[in-house]
Amino acid sequence: MDSVSEIVMLGELLRTQAINPFYADQTTRLVHALFRDLIHAATGMRPDCELAGNAKRFNREAFYRLAGYDVVSTENWLRIVSGRFREEAADYFAQCFAGALVISHEAGSLVRVMERRNIPFVDMRVSPIRFMKDIYFAFRTNLPEVAARLRAHMLGEDAIRDAADRLRAYYAARPRDPALRFAPGSLLICGQTDTDLSLVVDGGITDFSRHAETLRRLTDRHDHVYYKPHPMAAQACDNRWLLSSFPEMKPARGNMYRMLCDGNLRTVAALSSGVLHEAPCFGKEAVPVSHLHMNLARTGMPAAPGEYVMIGDACYASDFWRDILEPCIGAKGSGRIGFTGGDNFLRGYMGMWWDYEIGRPKPSAALRLYRRLANLIDPRHRLRQRIDPGGRLRGGIKRLLGK
């Protein structure tokens with residue numbers, strides 16, 4: 001593909017939040033800093049970085065207007081994610097990035113646009129399998145030759161199985177949590193956050209109330225049913241409806257990976273959570289109540305359009321980028337550089353630990369205090385957006401308490 005004249009890295013330029021209008025910029029900066037020198041050594045092109053808060057080519061408000069929406073909002077973002085936008089908006093995006101190969105991170109709404117206009121892209125997302133020695137990226141592209149090369153670097157099943165065994169051994173060596181005692185053959189239903197890309201269906205956010213019949217059939221197959229609310233969700237998110245509609249359901253709180261290692265747990269269900277990819281690795285049946293939010297390639301499965309391929313530490317080497325990008329750029333770079341990620345390398349950089357406990361640093365005193373008070377002073381968990389990737393509260397205790 002000789003038409004590629006530059007490489008641009010970007011994130012979810014269209015999404016906004018009330019307390020963080022440039023939602024994805026911090027992570028985009030991190031991903032750009034992580035890979036820019038590797039890509040430059042591989043291709044001879046130094047990737048540019050496009051940020052929503054400091055855009056050089058792209059005007060978010062202009063895109064929304066062309067898409068048919070007067071305001072930048074979460075509701076309109078959901079519609080764009082679902083493909084509900086005018087062709088003029090896609091044309092505008094194509095003009096802004098003409099001649100570029102786009103390397104994006106979690107660019108859910110823009111992937112739709114790039115596919116519609118055949119803009120060459122490689123999109124990265126954090127893999128839903130998050131119990132490895134580190135979190136890893138999964139890659140997707142609309143370029144068939146690049147997709148084939150990504151599969152050659154795919155993390156193998158042996159590595160996934162070894163990581164699951166490591167977790168089992170970790171929890172087997174520790175006292176059981178008295179609050180986590182599943183009855184044999186149990187079903188665990190996992191809640192999710194209020195607004196997330198994985199929940200978008202037909203221009204809106206799906207929830208459990210839309211799948212009452214599926215839930216009833218599922219609960220009828222199990223004598224013991226538990227519900228684990230998402231720790232980042234508002235208290236009223238699904239909880240009230242679920243617990244009132246299914247009185248036999250018992251609340252379950254605690255570490256997700258400890259639960260997956262419990263031999264009495266048989267089935268894990270969720271709307272579209274990444275845990276549906278993880279549960280089978282621990283011998284559990286996984287039931288998507290709505291859908292699987294990511295088509296994740298696995299060894300032995302045939303290639304499929306739109307699939308994401310999980311890559312391990314290989315992506316931290318220029319040789320990886322040279323190999324996958326050669327079909328669209330050519331082997332223009334001669335540099336060979338790289339580094340070893342190591343245990344919890346990316347987790348620590350991105351502050352994305354979720355429930356993974358092996359090697360996790362202890363939270364600060366301020367963060368522990370916040371977690372105790374959060375449900376009392378902040379029932380919708382808005383303050384959690386004020387925690388930086390290092391696990392520290394921005395502004396300290398005074399900001400936490402609203403002073």
Side-chain angles (χ1 to χ4, degrees), residues 9 11 26-42 47 49 103 105-106 122-139 149-174 255-258 260-261 274-275 277-278 281-282 296-299 308-325 333 335-364 367 387-392:
M9 301 185 74
Q26 182 174 345
T27 306
T28 303
R29 288 190 189 96
L30 186 153
V31 172
H32 178 252
L34 195 63
F35 293 116
R36 64 188 176 193
D37 290 342
L38 300 176
I39 296 172
H40 180 233
C49 184
I103 298 180
H105 175 255
E106 302 274 357
V122 177
D123 186 52
M124 293 182 286
R125 300 184 67 177
V126 172
S127 168
I129 296 180
R130 296 169 179 169
F131 58 82
M132 310 296 291
K133 67 176 185 177
D134 196 8
I135 55 174
Y136 291 130
F137 288 114
F139 292 71
R149 295 193 178 206
L150 281 171
R151 273 194 157 248
H153 295 275
M154 182 165 54
L155 200 66
E157 296 299 308
D158 288 348
I160 297 173
R161 184 177 59 251
D162 290 348
D165 289 343
R166 184 188 189 197
L167 264 185
R168 289 192 189 94
Y170 178 81
Y171 287 115
R174 282 155 177 77
N255 185 279
M256 187 70 235
Y257 293 123
R258 187 184 284 269
L260 289 177
C261 291
V275 74
H277 291 279
E278 296 179 307
C281 304
F282 296 88
L296 187 66
R298 299 288 292 271
T299 302
Y308 279 86
V309 179
M310 183 166 62
I311 307 294
D313 288 343
C315 67
Y316 300 137
S318 58
D319 284 349
F320 164 80
W321 292 97
R322 181 179 294 105
D323 181 52
I324 69 164
L325 297 182
R336 298 191 67 181
I337 61 173
F339 53 88
T340 301
D343 289 10
N344 297 326
F345 166 73
L346 195 57
R347 276 194 188 95
Y349 264 56
M350 301 186 76
M352 294 181 174
W353 290 85
W354 290 284
D355 273 0
Y356 191 82
E357 295 184 300
I358 301 177
R360 182 172 188 168
K362 292 182 179 180
S364 65
L367 185 55
I387 301 175
D388 70 20
R392 297 176 295 275

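- Under a 3.5 Å cut-off, the side chain of Arg322 and the backbone N or O of Ala317 do not form any donor-acceptor pair.
- The ring pair (Phe, Tyr, Trp, His ring centres under 6.0 Å) with Phe131 is formed by just one residue from the set Tyr170, Phe282, Tyr136; it is Phe282.
- Listed by chain and number, the residues in a side chain to side chain contact (heavy atoms under 4.5 Å, CB included) with Ser127 are Ile129, Ala138, Leu296, Met310 (sequence neighbours excluded).
- Using a 4.5 Å heavy-atom threshold, the side chains of Phe345 and Thr340 count as separate.
- Here the side chains of Leu325 and Phe320 are not in contact, with every heavy-atom distance at 4.5 Å or above.
- Within the 4.5 Å cutoff, the side chain of Met350 has heavy atoms near those of the Thr27 side chain.
- Side-chain contact between Arg298 and Glu157: present, with at least one pair of heavy atoms (C-beta onward) separated by less than 4.5 Å.
- Heavy-atom contacts from other residues, nucleotides or ligands closer than 6.0 Å to CZ of Arg151 number more than 12.
- The closest side-chain heavy-atom distance from Val275 to Leu260 is below 4.5 Å.
- Under 4.0 Å is where a charged nitrogen must lie from a carboxylate oxygen, and between Lys133 and Asp162 no such pair does.
- Partners of Asn255 by side chain to side chain contact (heavy atoms under 4.5 Å, CB included), not counting sequence neighbours, listed by chain and number: Tyr171, Tyr257, Arg258, Asp355, Glu357.
- Between Pro47 and Ile39, the shortest heavy-atom contact is CG-CG2, 3.6 Å.
- In this structure, Arg360 fails the cation-pi test against Tyr356, since its NZ or CZ atom is not both closer than 6.0 Å to the six-membered ring centre and inside 45 degrees of the ring normal.
- Proximity of His153 to Phe139: side-chain heavy atoms (C-beta onward) are nowhere separated by under 4.5 Å.
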